[in-house]
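Note that the coordinates shown come from a computational prediction; the quantities given were computed from them, not determined experimentally. In this chain, residues are counted from 1 in sequence order.
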Amino acid sequence: MDRVASSMKQVPNPLPKVLSRRGAGAGPEAAERESFERSQTVSINKAINTQEVAVKEKHARTCILGTHHEKGAQTFWSVVNRLPLSSNAVLCWKFCHVFHKLLRDGHPNVLKDSLRYKNELSDMSRMWGHLSEGYGQLCSIYLRLLRTKMEYHTKNPRFPGNLQMSDRQLDEAGESDVNNFFQLTVEMFDYLECELNLFQTVFSSLDMSRSVSVTTAGQCRLAPLIQVILDCSHLYDYTVKLLFKLHSCLPADTLQGHRDRFMEQFKKLKDLFYRSSNLQYFKRLIQIPQLPENPPNFLRASALSEHISPVVVIPVEASSPDSEPVLEKDDLMEMDAASQQNFFDNKFDDIFGSSFSSDPFNFNNQNGMRSREKKDTLIDHLYREINGLKKEMENIQAEKHLALLQLKGRISELEAELAEQRHLRRQAADESEFLRAELDELNKKREDTEKAQRSLTEIEKKAQTNEQRYSKLKEKYTELVQNHADLLRKNAEVARQVTVMRQAQADLQREKKELEDTFHHANEQAQRKTQEQTEVLETLKQELSISKHEFQVLQGTLETSAQSEAKWNMQIEGLEKERTSLAKIASERYEEISSLRNQLERTQSELTSAQESMHQIAKDQRKSILLETGQEAEKMVKDTLSQLEDPILISCTGSADHLLFKTNCVLKCIDQVEEAQKQYLTSSDDVSGLARSMTLLAHLVSDTILQGSATSLTTSLEPAEMLTDACKECGREALLYLSALKEEDSLRNADSTAMKSCLSMITAIGEELRPRGLDIRQEELGDLVDKEMAATSAAIETATARIEEMLNKSRAGDTGVKLEVNERILGSCTSLMQAIQVLIMASKDLQKEIVESGRVTPRSMYQALVSLLNTNLTSPCLVGIKCPLSISDSTGPEQNSLCSHTLPIPSIFYLQFLCLCWD
């Protein structure tokens, strides 16, 4: 550079031309701008085309680097606006993919330059939403997602386009305000919802039964999901952290909606991550994390330490021939001036050579002009090289930025692995604590076992001692037994004769008893052989009686005659033989009885099984009868409800009295149904009563509904609507009640309370629709009116006295304006009472005049009054009731004035009626 500077100082003529060209600067910059726009246009058109293939990464990377080069997206939008995005769905889909990449990895000013096109994106989304096939719905949802992303980053400028933030930056985004965190969580939910909608729509548009991820069309649809996965991983992580922060500040009930929405999105995101990780297309491009088996428990604050942030890893791709070496701008700025100086000096020397430096003042040389031209050319060439180096440095800076993002992702992955290892270490520590507790418990059990063994040894020693004692006692017992046996043998020789006789007698008696029991039992079980057994029994009894007689004779002569002993022995032997024969006969009878018992048991078992089958058949028949009856009853009520809208019923009318009669019948029938229900639940053998009651109830309910509909046609609109609604509600409740009655499972829980309440409502409406005055006998009307007129006159006089008393009290206790006001109020009340008295007297005179004219009688006049007005008996009745109540309820002039406003004057209407009768 020193050489260039010295030469420029010594060449005054050519230098201004060179400076003028360099000072203008428009040529190189315009060329550079044109070259940049040309390269960007080519890359954008290659990335966004109508071919149904995935966007190539190198073209998308060139677009991203272009936004960093011009610090915005003006060139991108100028090219995109010339594309027919509204006429080609594939073109629009690839535009959304590239634009999503620019919003994530492009220059921050991309968002600012794109906001002016937000409304156009919304219109395009609505336009594509009308197409239900192909890429139409996909484009509509993707455009809606991009608009949501733009609005989210506009509201929250602290969030970068790729959503990578630290925990400290996340806290700063909320400004330590729980309201901001609450709103931020809602916005993240909306953002994540749009991402998941696009995710699900893409998967639903693919035929997952085939390997769609290896086809170009499938890859074209799946490629944008890589950006969606990157966004979803960060949004899920931030949502979990914000929810833990909100649960530490707000009650759990307030955040119930947040938890429900998170659970729904957690299930969707987990399923979509799992399905994506199984696709071959994603396995070579991205490592998709897997969410935990169970969602985080936000009600437990310590669960935050167990949360592991999902990290999406994009493997570093090998440099392809299409990629260019890129340096960072910071590296370019770090190049020192000395290296640049040496570079230009060497370049200058290489071109001009040493002759120029050896003879710098030879301006008259014939090669001077050519030297100046060469210098100008060299300067232009150097400018172009500098601009190229600048572009390369900017590309290197963008590549460095991308590499930095990848390294940050790797760091996040390693941090997640470290957190997982820490979690595993904590689990191992917990397991070691658990094993240590189990070891302590086993040691305690071993000590208890040793104690038990020692006690068992002591027990065995005691048992051996007891055995020795027992053996000694046994020896002594054996000696006593032998002594006793000797004594018994001696005693047996003396009493052998008597013992033999007594033993024979006892054997005979025992055998007699056994034979009697045996024959008695055989007589009960087998009546066919009663005669044979009776004969054998009589024979045995005769022989037994003979044996008894002989035994008594032998016993009587035993002491006196020893010679007859041999005879008795012979007789005893004969009896023994007879006893043996009887025993054989008894055993035969026993065998016959056992065979009869077996036959009886088999018959009883067959009878029991037959009874059970008959009982089951009868039970099934009762169920079918009850079910069919309930279905028919429901059909009847449903037909009646459907007939309510039939125009044929418009000509039918009914009376309120008949409606009340029908409702009373239905209530009685409900009582019958409940009684039949109780009887059926108590004893389910007879279902006829319940079936008849259900059928009758259906008929009566249908009649009541039709009668209510007919009655509603004879009254005004509002009562008619109320009556019709009540009838429909009664029909629905009747259907529910009958449905509960027809099934045995729900029969016990059948409740008619709701149906009764509907019938009560119909009864109340029917009572209101009945004509008034029907509850009073016609012959009592005249006397009753006269009594009421007299009572009304007395009540008016009482009210007048009460008002006078209140006026005197007010004069004694009040002064000034209050006294004046009270006097005016009480004076108005007095005037009102006097006017009412005059009105009553005029009514009496007019009534008397009408009766004296002979045109009507008092009784017929009152009957006409009741029929015409359809109200109370007479107007003085109301006046007589209201006046004393109004005066007695008031505690002063002010309250009396209020009560006077509520006092009715129906006597005017009564007087008008008298005038009509007179005319």
Subject >> side chain to side chain contact (heavy atoms under 4.5 Å, CB included) partners of Ile308, counting only residues at least two apart >> reply: Ala416, Glu420

Original post:
Is any side-chain heavy atom of His234 less than 4.5 Å from a side-chain heavy atom of Met165?
Top reply: no

**OP:** Please report the C-alpha distance between Leu222 and Leu206 in whole Å, then the side-chain angles of each, then the deciding distance to 0.1 Å, and finally whether the side-chain contact (heavy atoms from CB on, under 4.5 Å) criterion is met.
**Re:** CA-CA 9 Å; Leu222 291 174; Leu206 297 174; 3.6 Å; yes

Original post:
Got a donor-acceptor contact below 3.5 angstrom from the Tyr238 side chain to the Met188 backbone?
Top reply: no

**OP:** Using the test side chain to side chain contact (heavy atoms under 4.5 Å, CB included), find all partners of Ser166 that sit at least two apart in sequence or belong to another chain.
**Re:** Arg168, Gln169

Original post:
If every non-hydrogen atom of Met127 is compared with every non-hydrogen atom of Ser86, which pair is closest and at what distance?
Top reply: CE-O, 3.3 Å

Subject >> Pair Arg38 + Glu34, salt bridge at N-O below 4.0 Å >> reply: yes

**OP:** Give a yes or no on whether the backbone of Gly161 and the side-chain of Lys149 come within a donor-acceptor separation of less than 3.5 Å.
**Re:** yes

Subject >> Full working for side-chain contact (heavy atoms from CB on, under 4.5 Å) between Leu138 and Trp128 >> reply: CA-CA 8 Å; Leu138 297 177; Trp128 285 116; over 6 Å; no

Original post:
When you measure from the side chain of Thr67 to the backbone N and O of Ile64, does any donor-acceptor pair fall under 3.5 Å?
Top reply: yes

Subject >> Steps toward side chain to side chain donor-acceptor pair (under 3.5 Å) verdict (Gln290, Ser277) >> reply: CA-CA 9 Å; Gln290 296 298 324; Ser277 61; 3.1 Å; yes

**OP:** Using the test side chain to side chain contact (heavy atoms under 4.5 Å, CB included), find all partners of His59 that sit at least two apart in sequence or belong to another chain.
**Re:** Lys46, Ala47, Lys56

Subject >> Test side-chain hydrogen bond (donor to acceptor under 3.5 Å, both in side chains) applied to Asn49 - qualifying residues, sequence neighbours left out >> reply: Lys94

Subject >> Partner residues of Tyr152 under the ring-ring contact (aromatic ring centres under 6.0 Å, His included) criterion, sequence neighbours left out >> reply: Phe159, Tyr191

Original post:
Less than 4.5 Å apart, any side-chain heavy atom of Arg221 and any of Ser205?
Top reply: yes

**OP:** May I ask you to establish whether Arg259 and Phe298 are in a cation-pi arrangement, using a distance under 6.0 Å from NZ or CZ to the six-membered ring centre and at most 45° from the ring axis?
**Re:** no

Original post:
How far apart are the closest heavy atoms of Gly72 and Asn109, and which atoms are they?
Top reply: CA-CB, 4.0 Å

**OP:** For the pair Asn156 (side chain) and Arg158 (backbone), establish whether a donor and an acceptor sit closer than 3.5 Å, ignoring hydrogens and angles.
**Re:** no

Original post:
Looking at Ser233 and Phe273, what are the two nearest heavy atoms and their distance?
Top reply: N-CZ, 4.4 Å

Original post:
Judged by atom type as modelled, is there a donor-acceptor pair below 3.5 Å linking the side chain of Ser43 to the main-chain atoms of Gln40?
Top reply: no

Original post:
Which pair of non-hydrogen atoms, one from Val90 and one from Asn88, has the smallest distance, and what is that distance?
Top reply: N-OD1, 3.1 Å

Original post:
Between Glu195 and Lys268, is there a salt bridge with N-O shorter than 4.0 Å?
Top reply: no

Original post:
Hey, what's the ring geometry for Tyr117 with Trp77, parallel, tilted or perpendicular (30° and 60° as the breaks)?
Top reply: parallel

Original post:
Taking side chain as C-beta onward, heavy atoms only, is Tyr383 less than 4.5 Å from Glu32?
Top reply: no

Subject >> Stepwise side-chain contact (heavy atoms from CB on, under 4.5 Å) check, Asp190 with Arg261 >> reply: CA-CA 10 Å; Asp190 298 337; Arg261 195 172 182 185; 2.5 Å; yes

Original post:
Should we say atom CD of Gln51 is surrounded by more than 12 heavy atoms from elsewhere, each under 6.0 Å from it?
Top reply: no

Subject >> side-chain hydrogen bond (donor to acceptor under 3.5 Å, both in side chains) partners for Thr148, two or more places apart >> reply: none

**OP:** Please tell me if the side chains of Cys63 and Ile44 come closer than 4.5 Å, counting only heavy atoms from C-beta onward.
**Re:** yes

**OP:** Could you tell me the separation between the CG atom of Leu196 and the CZ atom of Phe189, rounded to the nearest 0.5 Å?
**Re:** 11.0 Å

**OP:** Enter the distance from Cys232:SG to Leu272:CG here, rounded to the nearest 0.5 Å.
**Re:** 8.0 Å

I'd like a table of donor-acceptor pairs (distance under 3.5 Å, sequence neighbours excluded) in which one partner is a side-chain atom from residues 173-184, with atom names and distances.
from   : atom 1 : to     : atom 2 : distance (Å)
Asp177 : OD1    : Asn179 : N      : 3.2
Asn180 : ND2    : Gly174 : O      : 3.2

Original post:
What closest approach, in Å, do Phe266 and Pro292 show between heavy atoms, and which atom pair accounts for it?
Top reply: CZ-O, 3.4 Å

Original post:
Run the side chain to side chain donor-acceptor pair (under 3.5 Å) check on Arg144 and Ser140 step by step: do they pass?
Top reply: CA-CA 6 Å; Arg144 196 179 306 127; Ser140 176; 3.3 Å; yes

Subject >> Student check: side-chain heavy atoms of Ile141 and Leu198 closer than 4.5 Å >> reply: yes

Original post:
For Ser78, what residues pass the side-chain hydrogen bond (donor to acceptor under 3.5 Å, both in side chains) criterion, not counting sequence neighbours?
Top reply: none

Original post:
Lys101 versus Arg61: any side-chain heavy-atom pair under 4.5 Å?
Top reply: no

Original post:
Looking at side-chain heavy atoms only, is the closest gap between Trp93 and Pro224 below 4.5 Å?
Top reply: yes

Original post:
How long is the span from the NE2 atom in His107 to the CZ atom in Phe76, to the nearest 0.5 Å?
Top reply: 16.0 Å

**OP:** Mind checking the OH-SG spacing from Tyr142 to Cys92? Nearest 0.5 Å is all I need.
**Re:** 10.5 Å

Original post:
Should Phe99 and Met150 be marked as a side-chain contact (heavy atoms from CB on, under 4.5 Å) after you check the CA-CA gap, both sets of side-chain angles, and the distance that decides it?
Top reply: CA-CA 11 Å; Phe99 184 44; Met150 294 168 63; 4.0 Å; yes

Subject >> Set of side chain to side chain contact (heavy atoms under 4.5 Å, CB included) partners for Arg33, sequence neighbours left out >> reply: Phe36, Glu37, Glu70, Thr75

**OP:** Would you indicate whether the side-chain heavy atoms of Lys267 and Asp271 approach each other to under 4.5 Å?
**Re:** no

Subject >> Partners passing ring-ring contact (aromatic ring centres under 6.0 Å, His included) against Phe282 (at least two apart in sequence or in another chain) >> reply: none

Subject >> salt bridge (charged side-chain N to carboxylate O under 4.0 Å, His left out) contacts in which one or both residues fall within residues 104-118, not counting sequence neighbours >> reply: Arg104-Asp231

**OP:** For Lys241, enumerate each residue passing the side-chain hydrogen bond (donor to acceptor under 3.5 Å, both in side chains) test, keeping only those at least two apart in sequence or located in another chain.
**Re:** Asp167, Asp237

**OP:** May I have the step-by-step check of salt bridge (charged side-chain N to carboxylate O under 4.0 Å, His left out) for Glu151 and Arg147, ending in yes or no?
**Re:** CA-CA 6 Å; Glu151 292 175 350; Arg147 177 184 172 89; 3.1 Å; yes

**OP:** Using atom types as modelled and distance alone, determine if a side-chain donor or acceptor of Ser125 lies under 3.5 Å from a backbone N or O of Leu121.
**Re:** no

Subject >> Whether Glu52 side chain and Cys220 backbone form a donor-acceptor pair below 3.5 Å >> reply: no

**OP:** Could you tell me the separation between the CG atom of Leu102 and the NE2 atom of His97, rounded to the nearest 0.5 Å?
**Re:** 10.0 Å

